[in-house]
Amino acid sequence: MAFSGAAAPSGPPMANPIAVVGPQFCAPYPVDLIIAKKLMTLAEGSFAVTDVNGNVMFKVKGSVFSIHDRRLLVDGAGNPVISLRQKILTAHRRWQVYRGDSSDPKDLLFSVKKSSLIQFKTELDVFLAANTKEEVPDFKVKGSWFERSCTIYLGDTSNIVAQMHKKHSVGSILLGKDTFSVTVYPHVDYAFIVGLVVILYEINEDRKDND
């Protein structure tokens, strides 16, 4: 499933919106989101996603006691948007993302896996559900998770669809939060991008725990 159009910072807007989760999450302007990891939480909201004015856009709920690693992205009103599930016993740390609170194969939206087993830099391959052969990824995530500096590209191109960078503020230090911001480019599904960032976080937390 291919998307046309350029996504370079100074380039023209996307010819076709990239609506992976839904067109309602595509804005005609750049969307800046702030994602904060909440410490010492169990089931109720492990991440909060706000806009630059502090309005809650999404929350991520985790299942600490679940056999399967599972996260649920809900909107500000608490409605399920996507369900993120880690496949157990896969070498590349594959996550699968479904519409709403589903785990039905027909509701699969996309899957994410590490590009290679041994990584010094962060690199993830993202495959949309229709891309069953998985010969070429639909999106790639590249950068340094340690520096919280990652870029999301359209396939194996230089077209950028979103960028993540660390957010330093007195508030985030005082609250003990792992806080970073994401700029989602115009006409790109920001719910999809939030899902990718959460998976990126989980994969790297797994790696840290296993080092």
Q. Can I82 and L109 be said to form a side-chain contact (heavy atoms from CB on, under 4.5 Å), step by step?
A. CA-CA 9 Å; I82 50 176; L109 294 172; 3.6 Å; yes

Would you say that [X] contacts [Y] through its side chain, given a criterion of any heavy-atom pair below 4.5 Å between the two side chains?
{"X": "F47", "Y": "V194", "answer": "no"}
{"X": "M164", "Y": "S181", "answer": "no"}
{"X": "I193", "Y": "I152", "answer": "yes"}
{"X": "I35", "Y": "V197", "answer": "yes"}
{"X": "V74", "Y": "N79", "answer": "no"}
{"X": "L196", "Y": "V126", "answer": "yes"}
{"X": "L124", "Y": "I203", "answer": "yes"}
{"X": "K87", "Y": "Q96", "answer": "yes"}

Got a sec, which residues hit side chain to side chain contact (heavy atoms under 4.5 Å, CB included) with [X], two or more places apart in sequence or on another chain?
{"X": "S149", "answer": "E147"}
{"X": "V136", "answer": "D156"}
{"X": "S103", "answer": "R85"}

Could you identify which residues cluster with [X], counting Ile, Leu, Val, Met, Phe, Trp and Tyr as linked when any side-chain heavy atoms lie under 4.5 Å apart, either directly or through a chain of such contacts?
{"X": "V52", "answer": "none"}
{"X": "Y98", "answer": "L108"}
{"X": "F127", "answer": "none"}

Atom pair [atom1]/[atom2] of [X] and [Y] - distance to nearest 0.5 Å:
{"X": "Y185", "Y": "L154", "atom1": "OH", "atom2": "CG", "value": "12.5 Å"}
{"X": "R94", "Y": "I199", "atom1": "CZ", "atom2": "CD1", "value": "11.0 Å"}
{"X": "D51", "Y": "F58", "atom1": "CG", "atom2": "CZ", "value": "11.0 Å"}
{"X": "Y201", "Y": "C150", "atom1": "OH", "atom2": "SG", "value": "13.5 Å"}

Q: For the pair R71 and K61, evaluate side-chain contact (heavy atoms from CB on, under 4.5 Å) and give the outcome as yes or no after the intermediate values.
A: CA-CA 6 Å; R71 303 287 179 267; K61 297 185 176 184; over 6 Å; no

**Q.** Cluster link M57 to V188, ILVMFWY, side chain under 4.5 Å
**A.** yes

Taking side-chain hydrogen bond (donor to acceptor under 3.5 Å, both in side chains) as the definition, give me every residue that meets it alongside [X], ordered by chain and number, with sequence neighbours left out.
{"X": "D104", "value": "none"}
{"X": "N53", "value": "none"}
{"X": "S102", "value": "D107"}
{"X": "D101", "value": "R70"}

Q: Please identify each residue that fulfils ring pair (Phe, Tyr, Trp, His ring centres under 6.0 Å) with F110, with sequence neighbours left out.
A: F192

Using a 3.5 Å cut-off and no angle test, enumerate the donor-acceptor pairs between side-chain atoms of residues 24-32 and protein atoms at least two apart in sequence or in another chain.
{"unit_1": "D32", "atom_1": "OD1", "unit_2": "T183", "atom_2": "OG1", "d": "2.6"}

Mark yes or no for whether [X], through its side chain, and [Y], through its backbone, hold a donor-acceptor pair below 3.5 Å.
{"X": "D189", "Y": "G22", "answer": "yes"}
{"X": "D138", "Y": "L128", "answer": "yes"}
{"X": "T50", "Y": "N55", "answer": "no"}

Q. With a cut-off of under 6.0 Å to the ring centre and 45° to the axis, is K142 in cation-pi contact with Y153?
A. yes

Q: Kindly indicate, with the supporting measurements, whether the criterion side-chain contact (heavy atoms from CB on, under 4.5 Å) is fulfilled by V141 and L200.
A: CA-CA 9 Å; V141 183; L200 184 62; 4.2 Å; yes

(Q) Do the side chains of K140 and E123 get close enough for a salt bridge, i.e. N-O under 4.0 angstrom? (A) yes

(Q) Checking Y190 against V21 for the side-chain contact (heavy atoms from CB on, under 4.5 Å) test, could you report, in this order, the C-alpha distance in whole Å, the side-chain angles of both residues, the deciding distance, and whether it holds? (A) CA-CA 9 Å; Y190 54 84; V21 179; over 6 Å; no

Q. Nearest heavy-atom pair of E134 and N131: which atoms, and what distance?
A. N-OD1, 3.1 Å

